[in-house]
Amino acid sequence: MKKTTTDETTTGESAAVPAGRTGPKGLGVVGWLRWFWRTLTAMRTALVLLFLLALASVPGSLFPQRGVEPGAVTRYFKSNPGTAEWLDRLWMFDVFQAPWFAAIYLLLFVSLIGCILPRTGVYLRELRREPPAAPRHLNRLPHHSTIAGTATTEELAAALRRRRFRVVSGPGWVGGEKGYLREAGNLLFHTALVGILLALGIGALYGYRGNVLIVEGNGFANTVAAYDRYIPGSQVSAESLEPFSFQLDDFKVDYQITGDRPGQVLDYTAKLSVHDSPAAAERAYTLKVNDPLDVNGTLTYLIDHGYAPTFTVTDGSGQVAFEGPVACLPQNSRTFASECTIKVPDAKPDQLGLAIRFLPTAAEMQDGSWDSTFPAAINPVVQVTAFAGDLGLRSGVPQSVYLFDQERLKKMKRLVMMSEPVELGKSLDLPGGYGKITFTGVKEWAALQIAHDPGRLPALVAAVAAVLGVLLSLLIRRRRLWVRVRDDDGGGQVIEVGGLTRTESGDGGFADEFADIVKALKDATASKEPEGSDGPERSKEPAGRKGAPG
C-alpha cells in the first residue's frame, strides 16, 4: 500500500498527500524546479524578456560604444571622468558584451524554445484531427443562413473543397475548417526569433570585429597587431583572419557651403588600394558610409573621420625628434575644432609633451580668443601648449596616445601655455633652448571597423521569416463552417449553413466570406430547384451574437 502523509487545512480537515511530495506549504526542490520551468516557458515571460532585451539595448544608443566609436568614448571620459568611470562599471560603453545583457539573451532563448516545442506538438495533432461534426442547431451560430434547394453532401463537400476547406461529411451534413496557417505563422515567428538569437550567437563565437584609425597615405593589413581595438569570438584564432590589406590613398568630405545649414556634411569618400590576398593584384575601391568593402565576407565600414595635422619637432640639440601626422579628436562636431597630443620621449635635454589645439577654419572671436567657424580646412592653424620633463613612458605603465597623465603633467615644466595661432608652414620656438615645433601640413584620418560575422546571413533569413510569420498570424483567421440538408414542411429540401471564427475580432472579415459561400451554394442549387419554386432565401445573422455549437 502507498504511504501517505497528512496536511492540516485551514478548516481543520486533513488531506492525504502522496509520500515523496510536499503539501502547499512546501514545494520542495522538484516542485520549485517545475514552477520555475513553467514560469520561464510561459508566453507572458517570453514577451517580458523580449521587452527587457529591447530595453537593455537602449543604452547602446544613448552612450558611445567602444566597438563602434572608441574616439567618442575617449572624449566622454575626458569631459565626464567621474560619471564615465561609474558608467564603465555598469558596462554602458560595452552594452552588448555585458553579463546582464547575455543573461537576458540566454533566458529569452530558453523561454522561446520552451514555448515552441509544446505548441508545435499541439499544432501537429491539430493538423491530423478532422474538423468537428456539424452541431444540431446551426441557427445558434454567429453566422447562419438557409437556402431552398437540393444538393447532395458530396456536392456540398466539393463546393467547400474548392474554397480550400478541410472537409468532413456525415449523414445529411458537411463540415469544413480552414485557417490552419495562422498557428503556423505564430510558430514560424517564434522559431524565427530563436533563429535570430542563434545567428547572434554564431556571430559572437565565430566572428570578430576591430577598429583601426588610418591617416591618409598609411595602410592596414588584417592582422591582430594592426588593430587599435580587436574583439574576437571565442572560436576565432589569429590564423582565421582574412589575409587582405589596403592603403588609404585619399579621404574627402564634402560640406554644404551655402544655404540654411552651412557646414553640414554632404558626402564622405575614402579612396582605397586593396589587395584581397598577399598574391592578389591591387584594385581600387571607393569606400562610403553605406557601401562597405567586402573581402570574402569580411566587411570594412567607414565609421568616423577627423584631421591629422603634420608636425616636425626639433629638440634643443637641433635634431629632429618627431616628424609626421598626429590624429586629433574632434571636440566640436559642428566646426571640427580638435585636440591632439604629441609625446616626444627622445627629445633633449628633456622629454617634451605637446598639447595641440587644431582649428580647421580659424577666426578670432570678439573676446580675443580663437576658434573654428567651419569644419573644412580653409584656414588651418594650431595652438600649442608645451611641457618639458619626464612623461613616464619608460615606467612600463601603458598610457593613452590621446591624453597626458595629469599627475605627471603637474610635475613637468611649463614652457608655453596656449600659444598664439601658428599658421601652416610656420614654427613656434620653445623657450629655454628646448627646440621648436613646425606646423607642416594637414591630412585627414578615417576610423574604420572591420567585421566578420558568419551569422549575418542567417539573421537576415530569420528576420524575413519572422515578418512572414507575423503576416500569416495577422491576416489569416481560423474559421469553421457547416452545411446541413433537411426536409422542410412543404416536402422539399432546405440547405442550412452556419459558421463561426476561432479568432478574436475575426467576425468582421468572415461575414463577407460567409456571404460569398452562401451565394455560391445558392447558385449551385438553383438549377436543381423544382419548377414553380420561388426559391426564397431565409437568412439570419444576429449582430454581435456569439453563440456556440449546440
Side-chain angles (χ1 to χ4, degrees), residues 53 57 60-61 65-71 94-97 101-102 105-106 109 191-214 218-251 268-305 445-468:
L53 189 69
S57 303
S61 301
Q65 300 297 294
R66 284 195 176 92
V68 180
E69 297 179 290
D94 294 283
V95 168
F96 304 105
Q97 306 293 325
F101 189 88
Y105 170 91
L106 293 175
F109 184 82
T191 304
L193 290 182
V194 174
I196 292 175
L197 295 177
L198 281 174
L200 294 176
I202 292 172
L205 288 174
Y206 298 97
Y208 64 89
R209 73 176 188 273
N211 297 86
V212 62
L213 185 149
I214 304 177
N218 293 347
F220 168 80
N222 192 28
T223 60
V224 174
Y227 284 98
D228 297 327
R229 177 177 172 82
Y230 176 63
I231 307 174
S234 59
Q235 302 301 314
V236 176
S237 63
E239 292 75 18
S240 61
L241 272 63
E242 192 69 30
F244 69 92
S245 62
F246 57 79
Q247 177 175 300
L248 179 59
D249 298 324
D250 181 57
F251 186 83
Y268 301 95
T269 303
K271 301 288 186 180
L272 304 180
S273 296
V274 184
H275 293 270
D276 292 341
S277 67
E282 181 181 292
R283 65 183 177 97
Y285 187 82
T286 301
L287 182 66
K288 290 183 176 292
V289 173
N290 294 319
D291 190 10
L293 170 67
D294 188 350
V295 181
N296 297 327
T298 300
L299 302 178
T300 301
Y301 298 91
L302 177 62
I303 60 174
D304 203 355
H305 75 104
W445 58 260
L448 308 176
Q449 183 178 83
I450 293 90
H452 175 70
D453 186 1
R456 185 167 56 96
L457 183 59
L460 175 62
V461 174
V464 173
V467 173
L468 179 60

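Predicted, not measured: the structure shown is a model, and the values here were computed from it.
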Subject >> Shortest non-hydrogen contact from R283 toward V295 >> reply: NH2-CG2, 4.0 Å
Original post:
Under the 3.5 angstrom rule, does the side chain of Y285 hit a backbone N or O of P292 as a donor-acceptor pair?
Top reply: yes
Original post:
If you take all heavy atoms of A226 and A221, which pair is closest and at what distance?
Top reply: CB-O, 3.2 Å
Original post:
For A462 and G195, which heavy atoms make the closest approach, and how far apart are they?
Top reply: CB-C, 3.9 Å
**OP:** Using the side-chain contact (heavy atoms from CB on, under 4.5 Å) rule, pick out the option among N211, D228, I214 that qualifies with L448.
**Re:** I214
**OP:** Using a 4.5 Å cut-off on heavy atoms from C-beta on, say whether the side chain of Y230 contacts that of L241.
**Re:** yes
**OP:** Would you check if the side chain of H275 reaches a backbone N or O of A280 as a donor-acceptor pair within less than 3.5 Å?
**Re:** yes
Subject >> Sidechain-backbone polar pair: Y105 side chain, G201 backbone, donor-acceptor under 3.5 Å >> reply: yes
Original post:
Just wondering, do R66 and I231 contact through their side chains at under 4.5 Å, heavy atoms?
Top reply: no
Subject >> Approximate separation, where rounding is to 0.5 Å, of F246 CZ and N218 CG >> reply: 11.0 Å
Subject >> Interatomic spacing from CG in L302 to CG in N290 - rounded to 0.5 Å >> reply: 10.0 Å
Original post:
To the nearest 0.5 Å, how far apart are CZ in F96 and CG in L200?
Top reply: 10.0 Å
**OP:** Indicate the ring-plane relationship of Y227 and Y208, choosing parallel, tilted or perpendicular according to the 30° and 60° boundaries.
**Re:** perpendicular
**OP:** Please check if the side chain of D250 supplies one atom and the backbone of K271 the other of a donor-acceptor pair under 3.5 Å.
**Re:** no
Original post:
How many angstroms lie between CG in L272 and CD in E282, if you round to the nearest 0.5 Å?
Top reply: 10.5 Å
Original post:
Just by distance, do the side chain of E242 and the backbone of G297 share a donor-acceptor pair under 3.5 Å?
Top reply: no
Original post:
Say you draw a straight line from CZ of F101 to CG of L106; how long is it, rounded to the nearest 0.5 Å?
Top reply: 10.5 Å
Original post:
Any idea which heavy atoms bring A192 and A466 closest together, and the distance?
Top reply: CB-N, 3.4 Å
Subject >> Spacing of T286 atom OG1 and L293 atom CG [to the nearest 0.5 Å] >> reply: 10.5 Å
Original post:
Donor-acceptor pair, D304 side chain versus A447 backbone, under 3.5 Å?
Top reply: no
Original post:
What heavy-atom pair brings A238 and V224 nearest, and what distance separates the two atoms?
Top reply: CB-CG2, 4.0 Å
Original post:
Hey, mind stepping through R456 and L299 against side chain to side chain contact (heavy atoms under 4.5 Å, CB included) and telling me if it holds?
Top reply: CA-CA 11 Å; R456 185 167 56 96; L299 302 178; 3.7 Å; yes
Subject >> Beyond-backbone contact of L198 with F109, side-chain heavy atoms, under 4.5 angstrom >> reply: yes
**OP:** Search all heavy atoms of T298 against all heavy atoms of F244 and return the closest pair with its distance.
**Re:** CG2-CE2, 3.7 Å
Original post:
Step by step, would you call I450 with R209 a side chain to side chain contact (heavy atoms under 4.5 Å, CB included)?
Top reply: CA-CA 5 Å; I450 293 90; R209 73 176 188 273; over 6 Å; no
